[in-house]
Each structure stands twice: as structure tokens, then as C-alpha cells.
Protein chains: 2
Amino acid sequence: MNAQFKRGIIELCVLTALLEEDKYGYLVINEISQYLDVNENTIYPILRRLTMDGCFTTYLEESELGAPRKYYRLTQKGLKQYKELRDEWDQFIGGVYQILNQGGKKSEEVFERISQRIKE
Amino acid sequence: MNAQFKRGIIELCVLTALLEEDKYGYLVINEISQYLDVNENTIYPILRRLTMDGCFTTYLEESELGAPRKYYRLTQKGLKQYKELRDEWDQFIGGVYQILNQGGKKSEEVFERISQRIKE
DNA sequence: CACAGTACTGTGCGGCACACAATACCTATT
DNA sequence: AATAGGTATTGTGTGCCGCACAGTACTGTG
């Protein structure tokens, strides 16, 4: 999976995951890695950075099966950050689709035509 | 505009722009910058890199208003690269939407509820 | 005790957007 | 002739961040 694609978006995914309820790090990682190929070396630093930036507060809670879990709770600043990032993302992705889908979706037939043109 | 979002995607946009017809650098830049905030310092290096990689061949053609234009023409390898990158992109973006839109789109009413929860 | 799940920290690398800068060619305008 | 603007290339440097790799540490279970 192209690592470049993920740049900046994972941060938005982390904020989204923590929007409606507090979660501990491992849970966030497991949820996100269901859909995207990311690991803890990427998510933990983002959680830390966003906490440093004031987007989350944290608290520890006992776990039934291991070390205590560190829960992350969104702050007002985190919510604001989420909204801004989401708006930017939606706007960005709108532009990308204008470019990628100009002339509609590409079919195998279109690729065949392109392929023929290139050969000449 | 979040520069991180663009990572890797501009390359796909450049390939897409040159899919159906040969174009010169400035035209590609103008087309893409209609929809995304990018400038020549980003596009030219990508055109050069992809040419180095064998995705494009180039040829010069006289212009009516300035220096000769360098046209870029997609190669079979470039078409292959486009397909691969596009597939990766579609797959990636599918995962992102799963995460971003879990529980449907966020409304102001939802944000109000989240905002209240955080205050407690 | 070993192991797995949970959690944090630190280092280093690579890739790329992009600012900044310099060069140069051609035409049209002043 | 000088200037400006569109076209085009090249090079340097910076910053960000995904992520590999590595090490530490706590807890309950087999």
C-alpha cells in the first residue's frame, strides 16, 4: 500500500475514531487497521502529538487483561481540529475526483483505445 | 491547504491528465491547479521523475507564444503505472470512507451532542 | 516462567510537497 | 531597447510524517 497516500489522513481517522467516545490506544489501532494498513508505530505517535497539541486529555483505567489502559478523550480543541481537517479533506477530495474522473470512469475498452494510440 | 493530503495523489493526477492525449508541462500544471492548490515546483519534478521511470516519452514542439513546448506522451509502462496507482487509490479511499463515515455523516446536531459530552 | 495483550519511548530513514533561486528562450507591449 | 509574461529546466534545502526497528514495562493466563 502506497505509504504516501496516508499522509495526514490517518490523523483525521484518529480524530474521527475518538469523536463519539473515549477509547484506549490499542482499540483505536485495531479499529483503524481493520480498514487501513497501519500499525502502532504510526498511531501512537499521532495520539501523543495530538495530546501534546491539546486535542485530547488522557486518563488511566484498569484493564482485566494486562497493563492499565490509557484512554484518550477529545477536547473542544480536538473537536475544532477535527472539523477543520474534515472540511479540508472534503474539499481536497472534491478536487481530486474532478481530476480523476474527468470524462467518466475508465473502462477496459478505453484502456484498449489508449493502448492503441500509444503504440503508433 | 494541508500539504500532506496531496502526497502521492498528485502523481496519479498527472498520469490521469496525460492519459488520453499528449500535453506540455504548463498545460498540465494549469489543468491540475484548477482543482488543487499546486504549483510548478511540484508538477515539474513529478513529470521529470515519471519520465525517468519510463512512464513518459517527450518531444519538443514550437509554440506560437514563447519557448518551445515539451510534450509528454504516456508509454505502456505509464499506463500500467496509472492502473496500479488508481487501483491502490480506490482501495485506500474505500477504507478511509469506512472510517470517516461510520455512523453516517456528522451534522451540527451531532457536534452539539459531542460538545456537551466533552464538557462534563 | 514464558507468553500475549497492553502501553510508551526513542532513533533513523525515505519520500515528497514546496519554497526559493537562477537560467533561458520567444513574442508582444511600452 | 527595455520590459513583461508565458514557457521550460535545474538545483538546493527544509519540514513533515509513515514506519521499520528496538527496547522497556506491566499484568494475568497457561
Side-chain angles (χ1 to χ4, degrees), chain A residues 1-15 18 22-33 35-53 56 58-72 85 88-89 92 95-96, chain B residues 1-15 18 22-33 35-53 55-56 58-72 81 85 88-89 92 95-96:
Chain A
M1 172 56 66
N2 191 319
Q4 298 302 324
F5 285 161
K6 301 174 200 168
R7 292 262 182 159
I9 294 117
I10 302 185
E11 182 176 320
L12 179 55
C13 291
V14 168
L15 285 163
L18 285 157
D22 303 354
K23 289 172 186 169
Y24 55 97
Y26 245 65
L27 184 59
V28 173
I29 291 162
N30 286 336
E31 286 186 357
I32 292 180
S33 66
Y35 302 106
L36 296 179
D37 180 27
V38 287
N39 66 29
E40 77 273 13
N41 297 309
T42 298
I43 306 291
Y44 275 131
I46 290 174
L47 286 168
R48 266 180 269 158
R49 194 178 70 240
L50 289 174
T51 304
M52 282 299 103
D53 290 349
F56 301 127
T58 64
Y59 57 93
L60 288 175
E61 210 162 271
E62 292 298 310
S63 161
E64 285 162 17
L65 32 77
R69 291 164 170 168
K70 187 183 233 180
Y71 281 78
Y72 296 85
L85 214 53
E88 276 187 40
W89 171 254
F92 169 74
V96 169
Chain B
M1 173 54 68
N2 191 319
Q4 298 302 322
F5 285 161
K6 301 174 200 168
R7 294 264 181 158
I9 294 115
I10 302 185
E11 181 176 322
L12 179 56
C13 290
V14 167
L15 284 163
L18 285 157
D22 304 354
K23 289 171 186 169
Y24 55 96
Y26 246 64
L27 183 59
V28 173
I29 291 162
N30 287 336
E31 286 186 357
I32 292 180
S33 65
Y35 302 106
L36 296 179
D37 181 28
V38 287
N39 65 29
E40 76 273 14
N41 297 309
T42 299
I43 306 291
Y44 274 130
I46 291 174
L47 284 169
R48 265 179 270 157
R49 192 179 72 239
L50 289 174
T51 304
M52 281 301 102
D53 289 350
C55 292
F56 300 128
T58 63
Y59 56 94
L60 289 174
E61 211 162 270
E62 293 296 312
S63 161
E64 285 161 17
L65 34 77
R69 291 163 169 168
K70 188 183 234 181
Y71 280 79
Y72 296 85
Q81 174 71 7
L85 214 52
E88 275 188 40
W89 171 253
F92 169 74
V96 169

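Sequence lines set the chain letters: A, B, ... in the order given, protein chains first and strands last, and positions in each chain run from 1.
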Between the CD atom in B:Glu31 and the SG atom in B:Cys13, the distance rounded to the nearest 0.5 Å is 11.5 Å
Please state how far atom [atom1] in [X] lies from atom [atom2] in [N], giving the value in whole angstrom units.
X: B:Asp37; N: C:dA19; atom1: CG; atom2: C1'; answer: 13 Å
X: B:Tyr44; N: D:dG6; atom1: OH; atom2: P; answer: 13 Å
X: B:Gln4; N: C:dA17; atom1: CD; atom2: P; answer: 10 Å
X: A:Glu61; N: C:dT6; atom1: CD; atom2: P; answer: 15 Å
X: A:Glu11; N: D:dC17; atom1: CD; atom2: P; answer: 7 Å
X: B:Tyr71; N: D:dT9; atom1: OH; atom2: P; answer: 12 Å
X: B:Tyr24; N: C:dC26; atom1: OH; atom2: P; answer: 17 Å
X: B:Glu40; N: C:dA19; atom1: CD; atom2: P; answer: 9 Å

Which part of the nucleic acid, if any, lies within reach of A:Tyr72 when heavy atoms closer than 4.0 Å are counted: base, sugar-phosphate only, or nothing?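 The answer is sugar-phosphate, as A:Tyr72 gets under 4.0 Å only of primed atoms, P, OP1 or OP2.
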Looking at every strand, decide which applies to A:Pro68 at a 4.0 Å heavy-atom threshold: base, sugar-phosphate, or nothing. sugar-phosphate
Dump the intermediate steps for side chain to side chain contact (heavy atoms under 4.5 Å, CB included) on B:Phe5 and A:Val96, then the final yes or no. CA-CA 11 Å; B:Phe5 285 161; A:Val96 169; over 6 Å; no
Nearest to the side chain of A:Lys6 - C:dA17, D:dG18, D:dT7?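 Ranking C:dA17, D:dG18, D:dT7 by closest atom to the A:Lys6 side chain puts D:dG18 first.
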If each of A:Leu60 and B:Asn39 is mapped to the nucleotide of DNA chain C with the nearest heavy atom, which maps nearer the 5' terminus, i.e. the 5' end?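 Whichever sits nearer the 5' end wins; that is A:Leu60.
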Just to confirm, is there a sub-4.0 Å distance from OP1 or OP2 of C:dT6 to any side-chain nitrogen or oxygen of A:Lys70? no
Test side chain to side chain contact (heavy atoms under 4.5 Å, CB included) applied to B:Leu47 and B:Tyr72, step by step: CA-CA 8 Å; B:Leu47 284 169; B:Tyr72 296 85; 3.8 Å; yes
Using the test side-chain contact (heavy atoms from CB on, under 4.5 Å), find all partners of A:Asn39 that sit at least two apart in sequence or belong to another chain.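 Result, side-chain contact (heavy atoms from CB on, under 4.5 Å) vs A:Asn39: A:Asn41, A:Thr42.
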Kindly state each residue pair satisfying side-chain hydrogen bond (donor to acceptor under 3.5 Å, both in side chains) with at least one member in residues 44-53 of chain A, sequence neighbours excluded. A:Glu11-A:Arg49
Pair B:Phe56, B:Val14 - check side chain to side chain contact (heavy atoms under 4.5 Å, CB included), show working. CA-CA 11 Å; B:Phe56 300 128; B:Val14 167; 4.2 Å; yes
Between protein and nucleic acid, restricted to nucleotides 10-13 of chain C and to nitrogen or oxygen atoms under 3.5 Å apart, what atom pairs and distances do you find?
none

Hey, is the side chain of A:Arg7 pairing donor to acceptor with the base of C:dC16 inside 3.5 Å?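 Result: no qualifying N/O pair found.
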Tell me, please, which residues at least two apart from B:Tyr26 pass ring pair (Phe, Tyr, Trp, His ring centres under 6.0 Å).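 Once residues adjacent in sequence are excluded, B:Tyr26 has no partner under the ring pair (Phe, Tyr, Trp, His ring centres under 6.0 Å) criterion.
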A:Tyr35: what forms a ring pair (Phe, Tyr, Trp, His ring centres under 6.0 Å) with it, not counting sequence neighbours? none
Let me check the geometry of the helix from C:dC1-D:dG30 to C:dT30-D:dA1. What is the bend angle between the axes at its two ends, five pairs each, to 10°? 0°
Do A:Lys6 and A:Val38 make a side-chain contact, defined as non-hydrogen atoms from C-beta onward lying under 4.5 Å apart?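 Side chain of A:Lys6 against side chain of A:Val38, heavy atoms only: contact under 4.5 Å found.
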